[in-house]
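The basis for the numbers below is simple: all heavy atoms, side chains too, and nothing from hydrogens, waters or symmetry mates. Note that the structure is predicted; figures quoted are calculated from it, not measured.
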Amino acid sequence: MALEPFRVVGTLAEILDDAAHGRFPPPDGGTTVVPQENRRDAGVIAFTAHSVVFTDEDPQWVRATLAAVECDDLAATMNARFLAALLDRTGRTTDTIDLLTVAGPLPGEPPLELREIADPDHPRVRRALGRRDDVRVWAADGGVLILGRGVAGRWETAIEVDEDVRHRGLGRDLARAARHLVPDGQPVWSQQATGNARSVRAFQAAGFRPVGAEALMLAPARR
């Protein structure tokens, strides 16, 4: 594949803030490599015809590894061989490639009855704390809403809906509630597994717009 120059333009937090406000990297087929914002989070975000790799690994290693991938240039950063090489080099784990979406805040209280869960031993709280900081969790009848600071300090939300109450709009209502609950007028981000069509539909119905694809790689737990 052709070798594209690597660009380092701003921090990951700045790139994400720009994307949340509709300002994206140039669709030039290039790849930007930036350092991780913290030990926990490394990975790849693919915008339209431009990717961002956030890792503390040597950018020259990233460059050489991408150049060796035999695929379309625009697909290299999300190619399974590159992602596997990055996982092997860093000793990290991943789940899937997600659709990355974002929405602006909404004023006032959410039009949905929610009960905040403050118990740190609650399974949803424990799981969220492994991937986010400043985590808060709310329960609704038939669902759960999680809000916390994730990659590069961005506010992220996730939802769960019980199987027996699906197809009633609860997922959409929970996702929309996150836009009311996000602090300080900040945008709120969410990732949906690309195969989870129900989740994708719920978040888009709640006003979340797609901005790219993300492969998040998590550090092994400390012992």
Side-chain angles (χ1 to χ4, degrees), residues 6 8-20 25 31-47 51-59 61-62 65-66 77-78 80 82-103 117-138 144-160 178 181-184 186-194 196 199 203 208 211-223:
F6 278 67
V8 180
V9 182
T11 66
L12 178 60
E14 291 169 338
I15 292 169
L16 288 170
D17 185 66
D18 278 346
T31 299
T32 295
V33 181
V34 294
Q36 295 167 220
E37 298 274 345
N38 57 45
R39 174 186 178 274
R40 182 187 60 203
D41 301 324
V44 182
I45 300 174
F47 297 106
S51 291
V52 176
V53 179
F54 50 107
T55 179
D56 288 337
E57 296 300 319
D58 182 356
W61 176 87
V62 176
T65 304
L66 282 172
T77 58
M78 285 295 176
F82 172 71
L83 295 177
L86 187 55
L87 288 169
D88 288 344
R89 183 174 175 92
T90 60
R92 290 173 172 266
T93 61
T94 191
D95 291 328
T96 187
I97 296 175
D98 290 314
L99 176 67
L100 183 62
T101 63
V102 67
I117 300 171
D119 180 6
D121 291 325
H122 188 281
R124 286 304 307 154
V125 176
R126 289 201 309 270
R127 181 178 175 187
L129 285 170
R131 300 191 176 208
R132 299 181 177 95
D133 303 312
D134 301 328
V135 170
R136 298 178 70 185
V137 179
W138 291 265
V144 176
L145 164 63
I146 301 100
L147 189 66
R149 286 192 176 275
V151 174
R154 71 190 182 195
W155 285 103
E156 298 178 353
T157 190
I159 63 172
E160 289 186 5
L181 295 168
V182 66
D184 304 323
Q186 295 295 306
V188 58
W189 297 78
S190 188
Q191 306 105 311
Q192 298 98 55
T194 53
N196 190 347
S199 181
F203 275 92
F208 285 74
V211 295
E214 181 175 88
L216 182 60
M217 300 177 181
L218 300 175
R222 293 183 184 272
R223 297 186 179 181

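- Two residues are said to be in side-chain contact when any heavy atoms from C-beta on lie closer than 4.5 Å; L99 and S199 fail this criterion.
- With contacts defined as side-chain heavy-atom distances shorter than 4.5 Å, the pair T65/L86 does not qualify.
- Between V34 and G10, the closest heavy-atom pair is CG1-O, 3.6 Å.
- At least one side-chain heavy atom of L83 sits under 4.5 Å from a side-chain heavy atom of I97.
- S51 places no side-chain N or O within 3.5 Å of a backbone atom of T31 that could act as its donor or acceptor partner.
- None of R154, R149, R40 except one satisfies the salt bridge (Lys or Arg N to Asp or Glu O under 4.0 Å) rule with D133; the exception is R40.
- Minimum heavy-atom separation, T77 to F82: O-CD2, 3.3 Å.
- When only modelled atom types and interatomic distance are considered, E57 and T90 share no side-chain donor-acceptor pair under 3.5 Å.
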Test V135 against L147 for side-chain contact (heavy atoms from CB on, under 4.5 Å), laying out the working first. CA-CA 6 Å; V135 170; L147 189 66; over 6 Å; no
Between L145 and L181, is the side-chain contact (heavy atoms from CB on, under 4.5 Å) condition met? List the steps. CA-CA 10 Å; L145 164 63; L181 295 168; 3.4 Å; yes
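- The two residues V102 and A20 make their nearest non-hydrogen contact at CG2-CB, 4.0 Å.
- In terms of heavy-atom proximity, R132 sits nearest to A158 at NH2-CB, 4.3 Å.
- Considering every non-hydrogen atom in both T157 and F208, the closest pair reads CG2-CZ, 4.0 Å.
- Residues Q36 and T55 form a side-chain contact, since some pair of their non-hydrogen atoms from C-beta on lies under 4.5 Å apart.
- No side-chain heavy atom of F54 sits under 4.5 Å from any side-chain heavy atom of T11.
- You'll find the side chain of E37 stays beyond 4.5 Å of the side chain of V151, heavy atoms only.
- Summarising the geometry, atom CG belonging to L87 is positioned 9.5 Å from atom CZ belonging to R92; distances are rounded to the nearest 0.5 Å.
- Separation of atoms CD (Q186) and CG (D17) is listed at 7.5 Å; rounding is to 0.5 Å.
- Looking at heavy atoms from C-beta onward, I45 lies in side-chain contact with L16 at the 4.5 angstrom threshold.
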